[in-house]
Amino acid sequence: MHIVLAIILIGLGSNQGWLLSAQAEGQEPFYIRVVDEETGRGIPLVELETVNNVVYVTDSAGLSAIWEPGLMGKQIYFHVRSHGYEFPEDGFGYRGIRAVLVPGDSIRVEMRRLNVAERLYRVTGQGIYRDSAIRGDPVPIVEPLLNGSVFGQDSVVNAIYRGQLYWFWGDTNRASYPLGNFAVAGAVSKLPAEGWLNPSLGVDLIYFLDEEGFARKMCPIEGPGPVWIWGLMVFEHEGQEQLLCYFERMESLAIRLEQGIAIWNDEREIFEKIREFPLDAPLHPLGHPIRIQADREEWFYFPDPYPSIRVRARMEEILDSSRYQAYTCFREGSRWSEEDPPLERDESGALLWGWKADTPDVPFQRWRTLVEKGLVSPDERWPKLIDVETGEQVLGHRGSICWNDYRKKWIMITVQAGGRSFLGEVWYAEADELLGPWSMARRIVTHDRYSFYNVKQHPYFAQENGRLVYFEGTYTSSFSGNDKKTPRYDYNQIMYRLDLDDPRLELRDLERDK
């Protein structure tokens, strides 16, 4: 028992020693387990707040361990809340429970899920199964308390390479100091077919570590500013499987200092720069590419969230920024100018959309500028998502597209720019063809003044022929206007599961139904 407590203490940190000392002396915590009323599965990220504003947050099993000197044995009220879940109101409008905090006892609390998608667990950060470990419950992952000394990680990209799943993240927070790794962190995990953990339970990440045991720099491009990577591309070149990525070295969110292509070095286990792109190059890899056959060629398409950028899956073309094509309404070979947008129209005045090399694409920021200037009508945009419930347009921001065998369609999971919670609303859409038409969309995840951006589907985790779809995103208060950060969860990755048999995913055409 003492050995087990010592192991847990190391994972929790010395600031939690009082809790474990109390447990060792027989003063166990009181436990609250919060579950989905429909499935009985524990709900992560449920906040339990006392009247004097002490907040406890459930772990990935939906459990919270509570031990408060002076409160044990007393009846305590807890407000109960969680993004996308609901607890009933009482006669005064409060949503919560009262419980007598008897050491070692526990209660079960049920919440109704409002989200279409189901929250499963936290993928990264400290204390993923903290409260379960305190109680001595079995936990599904190898490192349930602290893995790679990682406290937080931003925006995942991953790909299957040489039989393993390679994971990479942006800025990574460390346990020992406020400044962490700003040159990409990485890990590997096994694939389900190779004995990997059931994706409904968790992810067993094996981090690439430095000499201090912290997630080391995976793309150490020289120069000031953080390095981010996107667009992992796996393909055959000269008889060998290669892993390439796009990198950008940033001064700020809006100012890029350097960009180009890096290649994975299997011996050094890092990305190394092999080609620098001009800073004014209009196109480069984005997000989460799709490798398909089109126009009698093999291509990488880069959704953002629409598949509006592509390049042939050849080394020489990937390394040449002028060979990338955009599906765009701008003049071929032009450059974006907010003062004089390079729109191209035919004799009738219609926008000329098409695949054009070395030409700017039209992400939502540029389209919004064109609309505000009165240069285009919102109806002229080639793809546009429409809320199936309200008929209002949804402005997609990043996301991913995958082919789904169950639906026999391409499915998109994307975040909305704006909406109820800025960068906190996740939407589902589908199309028969990769280029669409993408039209009707359904909100599947919502947040209360919290961001959940850069969502990524995991098609290799899909179950029951694709009926169960897995995706994750970055949960953070950044950009939300909310300065109240969720302990342990903030700036980390959270996994969701979507059941495509849910009747709420019927995407009827509002105009056709009228």
Side-chain angles (χ1 to χ4, degrees), residues 45 47 81-86 112-119 154-155 253 286-288 303-306 308 362-372 378-379 381-401 411-431 436-457 469 471-486 489-498 502 504-511:
L45 188 54
E47 295 185 351
R81 59 178 178 266
S82 187
H83 305 287
Y85 291 79
E86 184 178 68
R112 183 167 69 94
R113 176 159 53 93
L114 305 177
N115 285 337
V116 180
E118 178 184 12
R119 189 182 308 129
D154 187 18
S155 300
L253 283 173
L286 291 169
H288 314 291
D304 189 39
Y306 307 109
S308 57
V362 195
F364 81 91
Q365 302 96 326
R366 290 174 181 168
W367 187 258
R368 185 165 54 192
T369 297
L370 296 173
V371 172
E372 290 173 351
D379 294 333
R381 187 174 178 88
W382 69 275
K384 56 181 180 179
L385 296 181
I386 302 298
D387 184 343
V388 72
E389 294 182 325
T390 67
E392 297 179 356
Q393 188 167 345
V394 177
L395 206 56
H397 176 71
R398 301 292 169 89
S400 65
I401 296 175
I411 64 172
M412 173 193 294
I413 297 180
T414 185
V415 170
Q416 180 181 8
R420 299 175 187 172
S421 180
F422 186 74
L423 292 184
E425 309 301 307
V426 184
W427 294 77
Y428 171 90
E430 57 188 34
W438 296 97
S439 55
M440 311 312 293
R442 170 75 66 180
R443 190 193 317 266
I444 57 174
V445 175
T446 189
H447 291 84
D448 180 16
R449 293 188 65 222
Y450 229 90
S451 297
F452 188 76
Y453 57 60
N454 292 340
V455 292
K456 167 72 168 69
Q457 292 186 60
V469 173
F471 66 93
E472 69 176 271
T474 304
Y475 175 81
T476 174
S477 64
S478 300
F479 312 111
S480 69
N482 187 351
D483 58 2
K484 188 176 181 181
K485 299 181 179 182
T486 308
Y489 281 86
D490 188 77
Y491 209 56
N492 271 302
Q493 305 300 303
I494 298 179
M495 188 74 74
Y496 279 81
R497 180 172 60 189
L498 182 66
D502 192 308
R504 291 173 290 182
L505 290 180
E506 180 184 356
L507 301 178
R508 68 186 190 281
D509 190 319
L510 291 177
E511 293 300 320

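Keep in mind that this is a model prediction, so the values were computed, not measured.
Under the 4.5 Å side-chain criterion, counting only non-hydrogen atoms from C-beta, L507 is in contact with Y428. In this structure the side chain of V394 never reaches within 4.5 angstrom of the side chain of T414, judged on heavy atoms. Residues S308 and W382 meet the side-chain proximity criterion, which asks for heavy atoms closer than 4.5 Å. Taking 4.5 Å as the limit, some side-chain heavy atom of M412 sits within range of a side-chain heavy atom of Y306. Looking only at side-chain heavy atoms (C-beta outward), E118 and R113 come within less than 4.5 Å of each other. With a 4.5 Å cut-off on side-chain heavy atoms, L498 and L505 count as touching.
For Q393, there are no side-chain hydrogen bond (donor to acceptor under 3.5 Å, both in side chains) partners, not counting sequence neighbours. Looking at residues two or more places apart in sequence or on another chain, you find a side-chain hydrogen bond (donor to acceptor under 3.5 Å, both in side chains) between S155 and N454. Considering only residues two or more places apart in sequence or on other chains, D502 meets the salt bridge (charged side-chain N to carboxylate O under 4.0 Å, His left out) condition with R504. Checked against side chain to side chain contact (heavy atoms under 4.5 Å, CB included), V415 has the following partners two or more places apart in sequence or in another chain: L423, V426, V455. D154 meets the side chain to side chain contact (heavy atoms under 4.5 Å, CB included) test with Y453, T474, Y491; sequence neighbours excluded. With sequence neighbours excluded, the residues satisfying side-chain hydrogen bond (donor to acceptor under 3.5 Å, both in side chains) with R366 are D361. For R81, the salt bridge (charged side-chain N to carboxylate O under 4.0 Å, His left out) criterion is met by E47, E49, not counting sequence neighbours. Contacts of D483 classified as side-chain hydrogen bond (donor to acceptor under 3.5 Å, both in side chains), with partners at least two apart in sequence or in another chain: none. Partners of F422 according to the side chain to side chain contact (heavy atoms under 4.5 Å, CB included) rule, which considers only residues two or more places apart in sequence or in another chain, are F479. With sequence neighbours excluded, the residues forming a ring pair (Phe, Tyr, Trp, His ring centres under 6.0 Å) with Y450 are H83, Y475, listed by chain and number. In terms of the side chain to side chain contact (heavy atoms under 4.5 Å, CB included) criterion, residue partners of S480 (sequence neighbours excluded) are, by chain and number, S451, S477, N482.
In terms of heavy-atom proximity, A429 sits nearest to M440 at CB-O, 3.6 Å. The two residues T446 and N115 have their closest heavy-atom pair at N-OD1, 3.0 Å. In terms of heavy atoms, H447 sits closest to G424 at ND1-O, 2.8 Å. Residues Y496 and R119 come closest through the heavy atom pair OH-NE, 3.0 Å.
For the side-chain contact (heavy atoms from CB on, under 4.5 Å) test with R442, the passing option among V388, D387, L385 is V388; the others fail.
Among pairs with a residue in residues 414-428, those fulfilling salt bridge (charged side-chain N to carboxylate O under 4.0 Å, His left out) read E425-R443, at least two apart in sequence or across chains.
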